[in-house]
Amino acid sequence: MVLPRATLDWLLDSDPALRWQVERDLLGALPQVWETTRDRVPTEGFGARLLAAQDADGQWAGGAYFPADASPAEDGQPWTATTWALNDLREWGVDASALTGTADALAENSRWEYDGLPYWGGEVDCCVNAWTLANGAWLGADVSGIARWFVEHRLPDGGWNCAWVDGSTRSSFHSTLNSLKGLLAHEQSTGGSGELRSARHAGEEYLLERRLLHRLSTGERVGPWVSRFAFPLRWEYNALNALDHFRAANLHDGGLPDPRLAEAVEVVRADRRPDGTWLLEHRHPGRSWFEVDGEVGEPSRWLTFLGTRVLQWWDARH
């Protein structure tokens, strides 16, 4: 799939956090090109701004998952605390060397709001543990306990559900996708293990059986959110978010993409506008350090990059 030149130029005229990925994944630029751009992320734009917001104790906003000043009266989940900051910096391509000492500082100073548990030990929520697994592997923390946790807490239908602690025995699309992304990031950083790889493949099969879109019991769409595209992705499942994982997993594992992804691919393709862009349909409410994309209802650079990357990958293999 070829982007119109004007749309490609628009993507390139962006923060280094996005531009280097456009260069690597859409343009196929030589490593010395995109690596040079990626090296700018900690010192310019989004990356520099978020690194500058880090507290002296290694945290952001004084908290692990919630900022220290979070209030139940707030409109939406605040996105300023440590876990969300680390997620962004990792996904923007910041090298771990820019956060030297952070892993040790968090081990010393950060505790989960849930029962005051140590940061790198994780807690009971699948999504929280998945992000901590990925971020710990990136920063060199010992997250082996969290890795084992995912094997021990996978549900009989193959996936995960953050509500397991309340007795749920059925997997969730949201929880399963976030768990898969954490497991894959850990595997890419550390090599993983056969046991963890098997758990990841079982979770992927949970979503593939449902063609990424449907309830297995009725065949109905699992929810309106499955085709509603937001950025930043945060915790919510949608078809584009899921396909982005399956693209990364396919490139990591090798072979051909599973044909059961085809319907979800067409859901993503149907939202592509004639100029090659995707609109920002939704933004998760809540405080953030700063916005990284356009306004709701306007073309989104990040969604256009993700959608184009998924379609290029799929079409090149079919």
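Residue numbers start at 1 and run along the sequence shown.
A donor-acceptor contact under 3.5 angstrom links the side chains of S171 and D157, judged on distance only. Using modelled atom types, one finds no donor on one side chain facing an acceptor on the other under 3.5 Å when comparing E123 with T132. Side chains of W120 and D142: no donor on one and acceptor on the other come within 3.5 Å. A donor-acceptor contact closer than 3.5 angstrom is absent between the side chains of Y65 and T82.
In this structure, Y206 has its ring center at least 6.0 angstrom away from the ring center of W160. Between W138 and H186, the gap from one ring centroid to the other reaches at least 6.0 Å. For F229 and W278, the ring centers are positioned 6.0 Å apart or more. Note: W79 and W289 fail the aromatic proximity criterion, with ring centroids not under 6.0 Å apart. Taking the six-membered ring where the residue is Trp, the centroids of H153 and W164 are separated by under 6.0 Å.
Between E23 and P16, the closest side-chain pair of non-hydrogen atoms is not below 4.5 Å. You'll find the side chain of D275 stays beyond 4.5 Å of the side chain of L3, heavy atoms only. Residues H214 and E220 form no side-chain contact, since every pair of their non-hydrogen atoms from C-beta on lies 4.5 Å or further apart. H284 is not listed as a side-chain neighbour of Q77, based on a closest heavy-atom distance of 4.5 Å or more. Looking at N238 and N241, their side chains come closer than 4.5 Å, going by heavy atoms from C-beta outward. Counting heavy atoms from C-beta on, the side chains of R148 and L196 never come closer than 4.5 Å.
In this structure, T169 OG1 and N161 CG are separated by 9.0 Å, a value rounded to the nearest 0.5 Å. Here D293 contributes atom CG and R301 contributes atom CZ; the two are 8.5 Å apart, rounded to the nearest 0.5 Å. Atom OG in S179 sits 9.5 Å away from atom CG in L133 (nearest 0.5 Å).
Ring geometry for H318 versus W314: interplanar angle under 30°, hence parallel rather than tilted (30 to 60°). Ring planes of W225 and H174: tilted class, angle from 30 to 60°.
In this structure, Q21 contributes its side chain and A17 its backbone to a donor-acceptor pair below 3.5 Å. Counting only distance, with no hydrogens or angles, the side chain of D244 and the backbone of F246 share no donor-acceptor pair below 3.5 Å. With S300 contributing its side chain and L279 its backbone, the two residues share no donor-acceptor pair below 3.5 Å. A donor-acceptor pair under 3.5 Å is absent between the side-chain atoms of N129 and the main chain of I146, judged by distance alone. In this structure, T277 contributes its side chain and R273 its backbone to no donor-acceptor pair below 3.5 Å.
When the side chain to side chain contact (heavy atoms under 4.5 Å, CB included) test is applied to R49, the partners found at least two apart in sequence or on another chain are F290. Residues forming a side chain to side chain contact (heavy atoms under 4.5 Å, CB included) with R38 (at least two apart in sequence, or on another chain): W20, W34, E35. For the side chain to side chain contact (heavy atoms under 4.5 Å, CB included) test, residues two or more places apart in sequence or in another chain that qualify with S71 are A73, E74. Among residues two or more places apart in sequence or in another chain, the side chain to side chain donor-acceptor pair (under 3.5 Å) test is passed with E44 by R40.
For R154 and F150, the positive end is not near the middle of the six-membered ring at less than 6.0 Å and at most 45° from its axis.
Hydrophobic clustering (side-chain heavy atoms under 4.5 Å, transitive across Ile, Leu, Val, Met, Phe, Trp, Tyr) groups W235 together with L86.
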Worksheet item: Is there a salt bridge (Lys or Arg N to Asp or Glu O under 4.0 Å) between R228 and E281 once you walk through the steps?
Response: CA-CA 6 Å; R228 182 180 64 187; E281 300 177 42; over 6 Å; no
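For residues 187-206, the pairs satisfying salt bridge (charged side-chain N to carboxylate O under 4.0 Å, His left out) are E187-R197, E187-R200, R200-E204, R200-D253, E205-R260, with sequence neighbours left out. Residues in residues 105-116 take part in these side chain to side chain donor-acceptor pair (under 3.5 Å) pairs, two or more places apart or across chains: Q59-S110.
In R170, the CZ atom is not crowded: 12 or fewer heavy atoms of neighbouring residues, nucleotides or ligands sit closer than 6.0 Å.
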